[in-house]
Amino acid sequence: MEKPAISNFIRNTIDTDLAENKNQGRVATRFPPEPNGYLHIGHAKSICLNFGIAQDYQGTCNLRFDDTNPERESLEYVQSIKDDIAWLGYQWNALRFASDYFEQLYDYAIELIKQGKAYVDSLTGDEIREYRGTLTKPGKESPYRDRPVEENLKLFESMRAGKFEDGQHVLRAKIDMSSPNINMRDPILYRIRRVSHYRTGDRWCIYPMYDYTHCISDAIEDITHSLCTLEFEDNRALYDWVLDELDVPSHPQQIEFARLNLEYTVMSKRILNRLVYEGHVSGWDDPRLPTISGLRRRGYTPESIRDFCERIGVTKKQGTIAMSVLENSIREDLDQSAPRRMAVLDPLRVVIENYPEGQTETVTASNHPKNPQMGQRPLTFSGVIYIERSDFMETPAKKFFRLAPGREVRLRYAYYITCTGVIKDDQGEVIEIRCTYDPATKGGSSADGRKVKGTIHWVSADHAANAEIRLYDRLFRAPSPAAKADFLEHLNPQSRIVLTGCKVEQGLVDMQPEARFQFERQGYFCADRQDHSRGHPVFNRTVTLRDTWAKIEKTAGSLAQHS
RNA sequence: UGGGGUGUAGCCAAGUGGUAAGGCACCGGAUUUUGAUUCCGGCAUUCGCAGGUUCGAGUCCUGCCACCCCAGCCA
């Protein structure tokens, strides 16, 4: 089946531009993060958009770090961002830094001053805010607005030379203090900030603002379509103003789209930072986080994230995507690609009474039921095995068709067994069950055509390895935690459950970190990228399988409550 | 009381004057040695609301309503 072409308003715009031979038929985009945090799934949307368009239109996409505010930026973030983009499967055309353009940016500022389009303002921060007016009241002009060009030039040079204190002066564009668009009320272009920059060190003590830097950087790089999120819509007038006033190489078109919101999680850098630095999660790559590195550690594939970004579309309408869409993307990928294994998360000991004491034998298990090319593996079967505790009910609920006293089920790839007894401890908890097996059902089918309703997974007690398995669930209980002032109160205390003493197939301990599997009837898991080792196997649950039984149970439960 | 945006099903989303794609979710039913997968079927007489133009409107016009963004020397 051929995939239908992606259609969205940005691609439509590009199609029109191409049809009109705008930009000589060239398409150039860029992904412009500020290196002050880790990338998350919302950035992935922008990455897939920008790099995807470049790919599909034989264009280019640059990676440019918008590093104009040295305060919170660092090389660590630059490196993580590069790693994440590469892992997602994209290659940037040119690698650029806004800080590479500081000298050019400065020259352009001089040009603006000479044209009388920019001036040095000496109002204090508070005064500037006052003078700006409000949403409904126009601002008023600074008394320094009409400084002569020569004085502005001298002052701006002195600003660069470090002759003033932080905040003493700023460079402002001279536009319109009564504009209904607040961004046009003489926006600040440069501020004095004696902070050492992770790339330019102490070479500069003045730094250009985003609005001034971004458009010029785009123009320098000959970007044709500058894609950004909706909150910059009002900044577009300023983007265009700067480029119109200056003799720059090109004038890219800014197009805004809605950022991604995902149910039950947060995308805000501010909140993500708090979660990490206050220790509510283990780090930027905590598998519960929507960061790229978190999703990676959780077991998501680059393909699944790209597929997700394609499914959600690109529009100007702000919406919130259901988690199920993300989960569906990874399930679809892993269902095809992940080898099957058996793992018992909550082991219940089963003794098969009629199995010859001390005997073992080999059964053959398929690595993928639909893909024989993935091969088979031998599994050791014996008279003492573990099954999942939830696969046994002493008094079975309605529609439960797994193991219960007197009932027969199939052990996957092995034998039919029938429960003959239950052993409990002093507290009355089931600690072992007794069964008999039917030797005529080896491999899992009976010669007499007798059917069983349930098939359960198992491991041989003496041939299984112990493993730690981490179960992850949504980080928050509230669908839109970011909207809550007390979002920390809505953290899901069950978002991470660590199971030790799980029993898994022996072969699993030798798997490389990040290897992915389906643990049959449980879900998709991956060997933890950081903590997994032969001596201490650790698996993360990426996502559960779809679970119709859980749905039935839930429905039955709520029915019982209502009756 | 200003300006900029957005409204198509429970959640996304296509649709560019010719009679509402697709995905997720949900509900059936078939197949199944994973209660998985797969398959088949169902799921908007209607596009925020009210008028208007037109043979014909989700698409054009007018008015209204709802929601989001903007008053950092952040990006």
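A, B, ... follow the sequence lines: proteins, then strands. Residue 1 opens every chain.
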Any salt bridge between [X] and [Y], counting N to O under 4.0 Å?
{"X": "A:R64", "Y": "A:D218", "result": "yes"}
{"X": "A:E327", "Y": "A:R474", "result": "no"}
{"X": "A:E408", "Y": "A:R450", "result": "yes"}
{"X": "A:D473", "Y": "A:R541", "result": "no"}

Counting only Watson-Crick or G-U wobble pairs whose two distances fall under 3.5 Å, which nucleotide matches [N]?
{"N": "B:rC26", "value": "B:rG42"}
{"N": "B:rU53", "value": "none"}
{"N": "B:rG17", "value": "none"}

Task: Heavy-atom pair of closest approach, residues A:R407 and A:F401 - done: NH1-CA, 3.9 Å
Between [N] and [M], how many Å separate the two [atom1] atoms, rounded to a whole number?
{"N": "B:rG23", "M": "B:rC64", "atom1": "P", "answer": "40 Å"}
{"N": "B:rU6", "M": "B:rU45", "atom1": "C1'", "answer": "26 Å"}
{"N": "B:rU37", "M": "B:rC26", "atom1": "P", "answer": "11 Å"}
{"N": "B:rA50", "M": "B:rG41", "atom1": "C1'", "answer": "38 Å"}
{"N": "B:rG48", "M": "B:rU8", "atom1": "C1'", "answer": "10 Å"}
{"N": "B:rG51", "M": "B:rC65", "atom1": "C1'", "answer": "14 Å"}
{"N": "B:rC43", "M": "B:rA21", "atom1": "C1'", "answer": "15 Å"}

- [ ] Verify the distance criterion only: is there a donor paired with an acceptor across the side chains of A:S179 and A:R185 at less than 3.5 Å?
- [x] no
TODO: Quick one: label A:S366 by what it contacts on the DNA or RNA (base, sugar-phosphate, nothing), any heavy atom closer than 4.0 Å.
DONE: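 The answer is nothing, as A:S366 stays clear of every strand by at least 4.0 Å.
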TODO: For A:T315, answer base if it contacts any base atom (sugar-phosphate contacts may also be present), sugar-phosphate if it contacts only those atoms, and nothing otherwise; contact means non-hydrogen atoms under 4.0 Å.
DONE: sugar-phosphate
Task: Under 3.5 Å donor-acceptor, A:R193 side chain and A:G167 backbone - done: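 No, because the side chain of A:R193 does not come within donor-acceptor range (under 3.5 Å) of the backbone of A:G167.
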Write down the protein N/O and nucleotide N/O pairs, taken from nucleotides 34-38 of chain B, whose separation is under 3.5 Å; answer none if there are no such pairs.
| unit_1 | atom_1 | unit_2 | atom_2 | d |
| --- | --- | --- | --- | --- |
| B:rU34 | O2 | A:Q518 | OE1 | 2.9 |
| B:rU34 | O2 | A:R521 | N | 2.8 |
| B:rU34 | N3 | A:Q518 | OE1 | 2.5 |
| B:rU34 | O4 | A:R340 | NH1 | 2.5 |
| B:rG35 | OP1 | A:R521 | NH1 | 2.9 |
| B:rG35 | O2' | A:T548 | N | 3.4 |
| B:rG35 | O2' | A:W549 | N | 3.3 |
| B:rG35 | N7 | A:R402 | NH1 | 2.4 |
| B:rG35 | O6 | A:F401 | N | 3.2 |
| B:rG35 | N1 | A:K399 | O | 2.8 |
| B:rG35 | N2 | A:K399 | O | 3.3 |
| B:rA36 | OP1 | A:T548 | OG1 | 2.4 |
| B:rU37 | OP1 | A:R546 | NH1 | 2.1 |
| B:rU37 | O2' | A:D335 | OD2 | 2.9 |
| B:rU37 | O2' | A:K370 | NZ | 3.2 |
| B:rU37 | O2 | A:K370 | NZ | 2.6 |
| B:rU38 | O4' | A:K370 | NZ | 3.0 |

Open item on the list: Base contacts versus sugar-phosphate-only contacts with protein, heavy atoms under 4.0 Å: please encode nucleotides 1-6 of chain B as B, S and - from 5' to 3'.
Closed with: BBBSSS
- [ ] Could you check A:F9 against A:G133 and say which one's nearest nucleotide on RNA chain B is further toward the 5' end?
- [x]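 Result: A:F9.
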- [ ] Please list, by residue number, the residues of residues 258-268 of chain A whose heavy atoms come closer than 4.0 Å to an atom of RNA chain B; answer none if no residue qualifies.
- [x] none
Task: Residue from A:F539, A:F517, A:F519 passing ring pair (Phe, Tyr, Trp, His ring centres under 6.0 Å) with A:F525 - done: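 Per the ring pair (Phe, Tyr, Trp, His ring centres under 6.0 Å) rule, the option paired with A:F525 is A:F519, out of A:F539, A:F517, A:F519.
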Open item on the list: Centroid separation under 6.0 Å, is that true for the rings of A:Y190 and A:Y212?
Closed with: yes
TODO: Run the ring-centre check on A:Y415 versus A:F381 and record whether the distance is less than 6.0 Å.
DONE: yes
TODO: If the plane angle is over 60° it's perpendicular, under 30° parallel, otherwise tilted; pick one for A:H197 and A:F102.
DONE: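 A:H197 vs A:F102 ring planes: perpendicular.
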